[in-house]
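Working notes, beginning with the structure itself.
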Amino acid sequence: MNVIKSLTQNKVAMVGFGILFMFVVIALFGPYLYDGSPWRMVQRPFLPPFQNSNYILGTDTLGRDVLAGLIYGARISLLVGLVSTTIALLIGIPLGAYAGYYGGWVDEVLMRFTEIFQTVPSFALAVVLVAIFEPSVYSITGAIAIVSWPPVARLVRGEFLSLRSQEYVLAAKLNGQTNRNIIMREILPNSLSPIIVLASLMVASAILLESSLSFLGLGDPEIMSWGYMIGAAKTVIRQAWWLSFIPGIAIAITVLSLNLLGEGLNEALNPKLSGKRES
C-alpha cells in the first residue's frame with residue numbers, strides 16, 4: 001500500500017501512467033470502435049492531415065487511412081513489447097537466480113553463457129535472427145526477447161548474491177527448506193523491485209527495437225504496426241512527412257510514458273530515493 005501511495009503522489013509517474021493507459025485502451029478497444037480497416041484504400045494517396053473530416057490524419061502512399069493504421073498498430077506495437085519482455089523475464093530470472101544462489105561453477109557456466117549473447121550488439125543480433133527466420137511478428141518478438149534477457153539475468157544474479165547471506169535465508173536453510181523454496185519464496189520476492197523497474201524500461205526498448213527493424217524492412221508485411229508505418233513511408237518522407245511523423249510521435253510518447261512510469265516505480269520501490277525526493 002505504501003508503494004501505491006508513493007506512486008500516486010508522484011505527478012510525473014502519474015502522467016506517464018495516464019498516457020500509457022490511454023494507449024492501452026486504444027489498443028484494446030480502438031479496432032472495435034473504429035470500423036475502418038488499416039489496409040483498405042479509402043481516398044486518394046497523400047491526403048494531408050486535417051483536410052478531410054472523415055480522415056483526420058490523412059492517407060498514406062496507397063490511400064489508406066493513417067488514423068486506422070495508428071489505432072490498429074498500437075495493439076501490435078504494445079503486444080510485441082509486452083510479450084517479448086515477458087519471454088525475456090522468463091529466461092533471465094531463472095538463469096540469474098540459479099547463478100546468484102549457487103555460485104561457484106554454476107555461476108561461471110551461466111554467466112559465460114550470458115556473455116555469449118552480450119558480445120554481439122543487441123540490435124545487430126536481432127537483425128540477424130529476424131533475417132534468418134524471415135520477418136514476421138513471431139520472429140520479431142522472439143528476436144527481441146533473445147537479445148533482452150541477458151541484462152535481466154545479470155540484475156537478478158546481483159540481487160541474489162547480495163540476499164543469499166541474509167539472516168532470513170540462513171534461517172530458512174536451518175529449517176530444512178529446499179533450495180527451490182528458498183529461491184522462490186524467500187529471495188525472489190525481495191528481488192522484485194528492481195526487476196519490475198527494469199521490465200517497464202524493457203517494454204519501451206522493445207517497442208523501439210521493433211520500430212527499428214520495421215524501418216529496415218524487416219517488419220511483418222501482413223500486420224500493421226507503428227514501425228511498419230514508418231518503414232513504409234521512409235521513401236516518401238519529403239513528399240509526405242506526416243506519414244513518418246505521426247507514428248513516430250506515437251512511439252516517442254509511448255516510450256516516454258514508460259520511462260516516466262519506470263522512474264516513478266523506481267522511486268516508490270526504493271526507500272532511499274523516496275527519501276531524497278521528499279527532502
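Contact between Thr114 and Pro150 at its shortest, heavy atoms only, is CG2-CB, 3.7 Å. When all heavy atoms of Trp226 and Leu70 are compared, the pair lying nearest together is NE1-O, 2.9 Å. Pairing each heavy atom of Gly16 with each of Ser257, the nearest pair is O-CB, 3.3 Å. Residues Ile144 and Val147 share a closest heavy-atom pair of O-CG2, 3.3 Å. Contact record, Arg64 with Pro38: CD-O, 3.5 Å, taken as the closest heavy-atom pair. The two residues Val66 and Met229 have their closest heavy-atom pair at O-CE, 3.7 Å.
Under the salt bridge (charged side-chain N to carboxylate O under 4.0 Å, His left out) criterion, the residue pairs touching residues 105-134 are Asp107-Arg157, Glu108-Arg112, Arg112-Glu115, Glu115-Arg154, with sequence neighbours excluded. Applying the side chain to side chain donor-acceptor pair (under 3.5 Å) test to residues at least two apart or on different chains, none of the pairs has a partner in residues 66-77. Applying the salt bridge (charged side-chain N to carboxylate O under 4.0 Å, His left out) test to residues at least two apart or on different chains, none of the pairs has a partner in residues 221-230.
For Thr61, there are no side-chain hydrogen bond (donor to acceptor under 3.5 Å, both in side chains) partners, not counting sequence neighbours. When the side chain to side chain contact (heavy atoms under 4.5 Å, CB included) test is applied to Leu261, the partners found at least two apart in sequence or on another chain are Phe17, Leu20, Leu265. Contacts of Ser136 classified as side-chain hydrogen bond (donor to acceptor under 3.5 Å, both in side chains), with partners at least two apart in sequence or in another chain: Ser139. Take Asp220 and apply the side-chain hydrogen bond (donor to acceptor under 3.5 Å, both in side chains) test, not counting sequence neighbours, and it matches no residue. Partners of Leu198 according to the side chain to side chain contact (heavy atoms under 4.5 Å, CB included) rule, which considers only residues two or more places apart in sequence or in another chain, are Val152, Leu155, Met202. Scanning for salt bridge (Lys or Arg N to Asp or Glu O under 4.0 Å) contacts around Arg164 gives an empty result, with sequence neighbours left out.
Taking 4.5 Å as the limit, some side-chain heavy atom of Ile71 sits within range of a side-chain heavy atom of Pro31. Taking the side chain as every heavy atom from C-beta outward, Val127 and Leu213 approach each other to under 4.5 Å.
Classification of the Phe117-Trp149 ring pair by plane angle, with boundaries at 30° and 60°, yields perpendicular.
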Contacts under 3.5 angstrom, residues 234-253 side chains, donor-acceptor by atom type, not counting sequence neighbours:
| from | atom 1 | to | atom 2 | distance (Å) |
| --- | --- | --- | --- | --- |
| Lys234 | NZ | Phe215 | O | 2.6 |

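Separating the OG atom in Ser211 from the CG atom in Leu216 is a distance of 11.0 Å, to the nearest 0.5 Å. Rounding to the nearest 0.5 Å places CE of Met224 at 4.0 Å from CH2 of Trp39. To the nearest 0.5 Å, atom CD1 of residue Ile140 and atom OG of residue Ser214 are 5.0 Å apart. Separating the OG1 atom in Thr178 from the CE atom in Met184 is a distance of 10.5 Å, to the nearest 0.5 Å. In this structure, Leu129 CG and Leu125 CG are separated by 4.5 Å, a value rounded to the nearest 0.5 Å.
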Take Leu258 and Ile207 through the side-chain contact (heavy atoms from CB on, under 4.5 Å) test and state the conclusion after the steps.
CA-CA 10 Å; Leu258 285 164; Ile207 293 174; 4.1 Å; yes
Could you walk me through whether Ser148 and Ser84 pass side-chain contact (heavy atoms from CB on, under 4.5 Å), step by step?
CA-CA 8 Å; Ser148 300; Ser84 61; 5.8 Å; no
In sequence, state the C-alpha distance, the side-chain angles, and the governing distance for Leu95 and Met111, and then conclude on side-chain contact (heavy atoms from CB on, under 4.5 Å).
CA-CA 9 Å; Leu95 292 180; Met111 285 302 100; 5.9 Å; no
Applying side-chain contact (heavy atoms from CB on, under 4.5 Å), run through Ile182 and Tyr101 and close with a yes or a no.
CA-CA 9 Å; Ile182 294 174; Tyr101 180 77; 3.7 Å; yes
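Residues Phe50 and Val42 do not share a hydrophobic cluster, defined by chaining ILVMFWY side chains whose heavy atoms lie under 4.5 Å apart. Follow the hydrophobic side-chain contacts under 4.5 Å out from Tyr102 and you reach Trp105 in the same cluster. Residues Leu201 and Phe123 do not share a hydrophobic cluster, defined by chaining ILVMFWY side chains whose heavy atoms lie under 4.5 Å apart. Following chains of ILVMFWY side-chain contacts shorter than 4.5 Å, one can reach Val169 starting from Ile195, so the two form part of one hydrophobic cluster. Cluster membership for Leu161 and Phe113, using ILVMFWY side-chain heavy atoms within less than 4.5 angstrom, is not shared.
Other members of the cluster containing Met41 are Leu62, with ILVMFWY side chains joined at under 4.5 Å, either directly or via other members. Cluster note: Leu90 groups with no other residue, as no ILVMFWY side-chain heavy atom lies under 4.5 Å from it.
Asn266 places no side-chain N or O within 3.5 Å of a backbone atom of Gly262 that could act as its donor or acceptor partner. Judged purely by atom type and a 3.5 angstrom limit, Thr119 uses its side chain to pair as donor or acceptor with the backbone of Ile116. Side-chain N or O atoms of Asn175 include none that pairs as donor or acceptor with a backbone N or O of Gln177 at under 3.5 Å.
The number of heavy-atom neighbours closer than 6.0 Å to CZ of Phe21, taken from other residues, nucleotides and ligands shown, is 12 or below.
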